[in-house]
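These notes are about the structure you will find just below.
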Amino acid sequence: QVQLRESGGGSVQAGGSLKLSCAVFGLTYSTYSMGWFRQAPGKEREGVAWITTDGKGVFLGYVDSVKGRFTISQDYDNLTLYLHMNGLKPEDTAIYYCAAGSSGHAGPRPAEYRHWGQGTQVTVSS
């Protein structure tokens, strides 16, 4: 029932910016987590940024390597998830995935998320 669809990837020069979007369909959890993950060739899937809510509060988190450069946000009217990426570096090159789960305490661990998009490619040159 849940569908996630990423968009906004592309190719940019180092230091450039991209904005990723994740359209959300059929998510009805009152307690949920959503996050952005990335996977580069030969590497494990890595949690990049995430939003969790347990009905008492909303919590945001980032992997250390993107703090100060990436910003996660959500449109709470339709649950669309965004990732604003600034100061991109070649090591940010990866396929970026949007994910959602029913836990209000999930973070950077892929196993905590039940639903996944198909990914969008981000390539940073130089």
Side-chain angles (χ1 to χ4, degrees):
Q1 292 290 322
V2 177
Q3 292 268 35
L4 307 175
R5 186 178 301 166
E6 305 96 336
S7 61
S11 298
V12 298
Q13 297 286 329
S17 300
L18 286 172
K19 179 183 177 181
L20 306 184
S21 299
C22 174
V24 181
F25 307 90
L27 185 64
T28 60
Y29 305 134
S30 58
T31 298
Y32 69 90
S33 297
M34 294 193 69
W36 289 98
F37 295 76
R38 65 187 180 187
Q39 189 163 22
K43 297 184 178 179
E44 296 290 323
R45 189 165 296 188
E46 175 188 38
V48 176
W50 49 93
I51 292 176
T52 66
T53 180
D54 59 6
K56 300 177 182 178
V58 178
F59 307 91
L60 282 66
Y62 301 88
V63 67
D64 286 344
S65 62
V66 309
K67 288 181 179 178
R69 299 189 296 121
F70 292 10
T71 302
I72 189 170
S73 62
Q74 186 168 34
D75 181 341
Y76 292 106
D77 184 50
N78 58 19
L79 301 185
T80 299
L81 193 72
Y82 302 98
L83 186 67
H84 295 78
M85 303 186 294
N86 299 308
L88 284 162
K89 304 175 180 180
E91 52 263 44
D92 296 317
T93 296
I95 300 175
Y96 282 71
Y97 298 89
C98 177
S102 60
S103 172
H105 299 92
R109 301 170 299 280
E112 299 293 333
Y113 297 82
R114 297 183 181 183
H115 313 289
W116 294 83
Q118 293 187 330
T120 184
Q121 177 71 48
V122 171
T123 302
V124 185
S125 62
S126 298

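Only heavy atoms go into these numbers, but all of them, side chains included; no hydrogens, no water, no symmetry mates.
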Subject >> Interatomic distance, S102 atom OG to H115 atom NE2 [nearest 0.5 angstrom] >> reply: 7.0 Å
Original post:
Would you say L88 and F70 make side-chain contact, with heavy atoms under 4.5 Å?
Top reply: yes
Original post:
Which heavy atom of D75 sits nearest a heavy atom of D77, and at what distance?
Top reply: OD1-N, 2.9 Å
Original post:
Quick one: OH on Y82 to OG1 on T71, what's the gap to the nearest 0.5 Å?
Top reply: 14.0 Å
Subject >> Q1 side-chain N/O to G26 backbone N/O, donor-acceptor pair under 3.5 Å >> reply: no
Subject >> By salt bridge (charged side-chain N to carboxylate O under 4.0 Å, His left out) - contacts of E112 (at least two apart) >> reply: R109
Original post:
How far does NE2 of H84 sit from CG of L18, to the nearest 0.5 angstrom?
Top reply: 11.0 Å
Validation: residues 58-69 side-chain donor-acceptor distances under 3.5 Å, sequence neighbours left out:
unit_1: Y62; atom_1: OH; unit_2: I72; atom_2: N; d: 2.9
unit_1: D64; atom_1: OD1; unit_2: K67; atom_2: NZ; d: 3.0
unit_1: S65; atom_1: OG; unit_2: R38; atom_2: NH2; d: 3.4
unit_1: R69; atom_1: NH1; unit_2: G87; atom_2: O; d: 3.0
unit_1: R69; atom_1: NH1; unit_2: D92; atom_2: OD2; d: 2.8
unit_1: R69; atom_1: NH2; unit_2: S65; atom_2: O; d: 2.9
unit_1: R69; atom_1: NH2; unit_2: D92; atom_2: OD1; d: 3.1

Subject >> Closest heavy-atom pair and its distance - A94, A40 >> reply: CB-N, 3.9 Å
Original post:
Under the 3.5 angstrom rule, does the side chain of E6 hit a backbone N or O of Q118 as a donor-acceptor pair?
Top reply: yes
**OP:** Check whether any side-chain N or O of S33 sits under 3.5 Å from a backbone N or O of S103 as a donor-acceptor pair, and report yes or no.
**Re:** yes
Original post:
Any donor-acceptor pair under 3.5 Å linking the side chain of T120 with the backbone of Y96?
Top reply: no
**OP:** Report the distance from atom OG1 of T80 to atom CG of N78, rounding to the nearest 0.5 Å.
**Re:** 3.5 Å
Original post:
In Å, rounded to the nearest 0.5 Å, how long is the span from CG of L81 to OG of S21?
Top reply: 9.0 Å
Original post:
Do other residues, nucleotides or ligands put more than 12 heavy atoms under 6.0 Å from E91 CD?
Top reply: yes
Original post:
Can you name the nearest heavy-atom pair linking L83 to A49, along with the distance?
Top reply: CD1-CB, 4.1 Å
Original post:
Does CD belonging to Q121 count more than 12 external heavy atoms closer than 6.0 Å?
Top reply: yes
Original post:
Other than Y113, which residues form its hydrophobic cluster under the rule that side-chain heavy atoms must be closer than 4.5 Å?
Top reply: F37, W50, I95, Y97, W116
**OP:** Output the distance between atom CH2 (W36) and atom CE (M85), rounded to the nearest 0.5 Å.
**Re:** 8.0 Å
